[in-house]
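The structure under discussion appears below in the form of structure tokens.
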Amino acid sequence: VALRCIALHWYELGVQWTLRSFMIDHDGMSTENHGDVDATIAANLALIAADENLQGFGCLFQEEDADVCGDDGDDNGGCETPTVSSSGEQIFDPNECQSYTIWFDGDGLGFRMLQALSAFGATGEDITGLVLWGASVTLAKYITEHPHLVESKTVLELGCGSALPSMLSSRLHASKVVASDFREAALDQVDHHARENGCEIERLQLDWEDLPGTAQFQADTILASDVIYGVGLVPALTRAIRKYLKADGIVLMATRDGRRGIPEFRHIMKQTADNVCFDEIEILAFDDAYLPSIPSELEGDANSLARLKGEHSIYVYRRKQQQCPQQQERQHGLSTTDIMAGPKPVVPVSRSDTRDANRISPCHEVYPGLWVGSLSSLNELKSLHQVQQWKVISILDSEFLIGLCVSMILAIRNDDSSSAKVEQHEIWKMADKPRAHFLSERLTHVLKLIDDVIGGTNVTRQPSSACLVHCAKGVSRSVAVCAAWLITRQALTLQQAMERIREVRPNAQPNLGFLAGLRALESGKFQVL
């Protein structure tokens with residue numbers, strides 16, 4: 001066992017920089033170096049399969065704990081190789097904790113919380129589970145923007161630690177929230193946080209490597225953040241997910257970029273075990289700008305800032321309802337899916353039950369001549385032969401994505417073999433945030449551009465011309481603009497506009513700020529020419 005652990009450790013060291021090149025672009029598409037990464041996965045999985053007694057790779061995990069703050073090798077990041085007290089138990093003592101309040105801007109959600117003063121207790125025991133991590137905040141922020149993922153659902157958080165995502169789920173009206181962790185200290189912290197913030201959360205002590213024979217319940221949504229620090233945890237974690245997730249349930253796995261074990265986790269999740277397998281639906285990338293404001297109590301704490309800041313990703317999976325093939329095809333080019341199309345608290349969803357929502361096209365026609373989509377929809381323009389002249393409106397905020405978009409437009413214009421031509425390309429730099437300046441003169445200008453192609457109520461468009469409105473994912477910003485055009489030009493209500501868009505694009509979901517702006521347009525409180 002020791003030799004196998006050492007061998008696996010050297011495998012990981014030898015490909016560390018290969019794994020660091022495992023990048024996810026901002027449109028959620030994988031740009032892996034398949035050969036190197038797959039070779040590493042194969043080597044690691046072979047060792048896992050060679051001896052089931054190695055499940056957990058305890059010796060390797062202890063060595064990898066030094067990586068708890070990421071793979072940057074920075075000794076000033078607030079982490080050291082953890083030591084464990086003779087008892088091996090964490091202790092949650094509110095009197096030895098720092099209090100702080102974290103707010104989610106624009107949503108009116110705030111939580112009073114505690115965290116350990118350092119990564120170690122007074123007796124030297126490892127209490128890293130009792131501090132706040134950036135992946136947890138990233139996942140919680142994402143849930144506030146997509147509340148239907150937890151609303152009226154049974155939610156289970158694995159490796160909950162401070163349980164911030166669990167508290168958000170409770171506030172957003174989940175029917176049942178269960179926060180699970182291996183250590184009693186973390187669960188004691190959960191109880192304290194739930195009492196302080198008026199949240200209904202059940203605690204569950206759960207050891208992934210010693211799961212009960214029958215799951216006490218099954219969840220509609222499983223949440224996890226920063227629960228993978230090495231290859232050894234992956235088999236046990238995936239078994240827990242398979243046991244506790246309902247058919248057609250959703251998994252949201254948030255992690256700091258560069259964590260070891262993530263490629264192996266993705267690989268195993270795509271395999272069939274116990275007649276259960278998953279579709280990898282989406283990969284979402286976030287930087288520091290996505291996080292809410294750092295709590296003022298933590299701004300002067302270098303260790304807290306090191307744990308919170310950094311680039312993070314959320315991996316989204318859906319459990320299939322039926323048995324799937326032993327070897328799953330890799331899913332590429334799916335930047336958006338119907339996971340964004342659950343029950344909406346503002347506008348009901350109306351869609352056909354026969355739709356294969358797992359295979360949503362990058363773009364859809366929501367009104368004759370008006371198309372909505374993601375950045376990758378630019379690749380589809382050539383295949384839409386009925387349209388020859390395009391006007392493209394790009395709503396992005398990342399300089400990287402704007403540059404990529406411009407290069408894609410140039411490629412279309414320079415392709416003499418294609419009948420599709422882009423007559424005009426307009427860029428609107430706007431972030432997908434509730435406080436973004438949506439109701440503005442810029443919106444009036446963009447709606448007039450759409451009018452030039454499609455026309456208003458009494459104008460007939462040319463069949464060979466069309467307008468594409470796209471953002472990064474085709475979920476919020478572009479949908480809001482198309483809904484604004486339907487409300488102001490076609491005299492539809494907000495509900496009618498959203499139903500029309502979701503009939504063809506069920507993942508449509510403007511953020512809360514955009515919805516408020518659309519209501520202002522509907523009521524006439526804000527008018528556009």
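Computed from a predicted model, the values in this text were never measured in an experiment.
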[Y] backbone acceptor or donor facing [X] side chain under 3.5 Å:
| X | Y | value |
| --- | --- | --- |
| S136 | W133 | no |
| N507 | V475 | no |
| K141 | P292 | no |
| Q218 | K243 | yes |
| S175 | K153 | yes |
| Q495 | E499 | no |
| E522 | L494 | yes |
| R500 | Y367 | no |
| R319 | I250 | no |
| R413 | V422 | yes |

Test log, rule side-chain contact (heavy atoms from CB on, under 4.5 Å), inputs I241 and Y317:
CA-CA 11 Å; I241 292 174; Y317 296 87; over 6 Å; no
Heavy atoms, side chains only, cut-off 4.5 Å: are [X] and [Y] in contact?
| X | Y | answer |
| --- | --- | --- |
| L449 | Q424 | yes |
| H193 | M167 | yes |
| L139 | L252 | yes |
| R477 | D397 | yes |
| R502 | Q509 | yes |

So, E311 and R256, do they make that salt bridge, N to O below 4.0 Å?
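No salt bridge links E311 with R256.
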Crowding at [atom1], [X] (>12 non-hydrogen neighbours, <6.0 Å):
| X | atom1 | answer |
| --- | --- | --- |
| K309 | NZ | no |
| E441 | CD | no |
| H445 | NE2 | yes |
| E200 | CD | no |

Could you check I395 against V469 for side-chain contact (heavy atoms from CB on, under 4.5 Å), going step by step and ending with a plain yes or no?
CA-CA 8 Å; I395 312 173; V469 182; 3.9 Å; yes
Taking it one step at a time, do H470 and S394 satisfy side chain to side chain donor-acceptor pair (under 3.5 Å)?
CA-CA 5 Å; H470 80 87; S394 304; 2.6 Å; yes
About how many Å separate SG of C467 and CD of E426, when rounded to the nearest 0.5 Å?
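So the gap between those two atoms works out to 10.0 Å.
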Rounded distance (nearest 0.5 Å) linking atom OG of S465 with atom CG of D452
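It comes to 11.0 Å.
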How far apart are the closest heavy atoms of [X] and [Y], and which atoms are they?
| X | Y | value |
| --- | --- | --- |
| N197 | R171 | O-NH2, 3.2 Å |
| A420 | L381 | CB-O, 3.6 Å |
| I501 | V479 | CD1-O, 3.9 Å |
| V190 | G161 | CG2-O, 3.7 Å |
| F278 | L245 | CE2-CD2, 3.5 Å |
| C363 | E380 | SG-CB, 4.0 Å |

Among side-chain atoms of S152 and H173, is any donor-acceptor pair under 3.5 angstrom?
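H173 and S152 do not have a side-chain donor-acceptor pair below 3.5 Å.
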Under the side-chain contact (heavy atoms from CB on, under 4.5 Å) criterion, do Y244 and L158 qualify, and how do the steps go?
CA-CA 10 Å; Y244 281 92; L158 297 175; 5.7 Å; no
Between H148 and H146, how do the two ring planes meet: parallel, tilted or perpendicular, split at 30° and 60°?
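Rings of H148 and H146: perpendicular, over 60°.
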Is there any ring-ring contact (aromatic ring centres under 6.0 Å, His included) pair reaching into residues 495-525, and which pairs are they, with sequence neighbours excluded?
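Those involving residues 495-525 are F438-F514.
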Start with the C-alpha distance between D279 and K320, add both sets of side-chain angles, then the distance that settles salt bridge (charged side-chain N to carboxylate O under 4.0 Å, His left out), and finish with yes or no.
CA-CA 7 Å; D279 279 328; K320 289 190 174 181; 3.4 Å; yes
Can you tell which of I393, V372, L370, I450 makes a side chain to side chain contact (heavy atoms under 4.5 Å, CB included) with V481?
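Running side chain to side chain contact (heavy atoms under 4.5 Å, CB included) over I393, V372, L370, I450 with V481 returns exactly one hit, I450.
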Out of L410, L396, I427, V392, which one pairs with C405 under the side chain to side chain contact (heavy atoms under 4.5 Å, CB included) rule?
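Among L410, L396, I427, V392, the one meeting side chain to side chain contact (heavy atoms under 4.5 Å, CB included) with C405 is L396.
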Give every residue pair that meets the side chain to side chain donor-acceptor pair (under 3.5 Å) criterion with at least one member in residues 155-169, sequence neighbours excluded.
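Listed by first then second residue: E157-S166.
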Evaluate E423 against W390 for side-chain contact (heavy atoms from CB on, under 4.5 Å), listing each step before the verdict.
CA-CA 6 Å; E423 287 187 329; W390 286 94; over 6 Å; no
Non-neighbouring partners of K429 that pass salt bridge (Lys or Arg N to Asp or Glu O under 4.0 Å), sequence neighbours left out
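Salt bridge (Lys or Arg N to Asp or Glu O under 4.0 Å) check on K429 returns E399.
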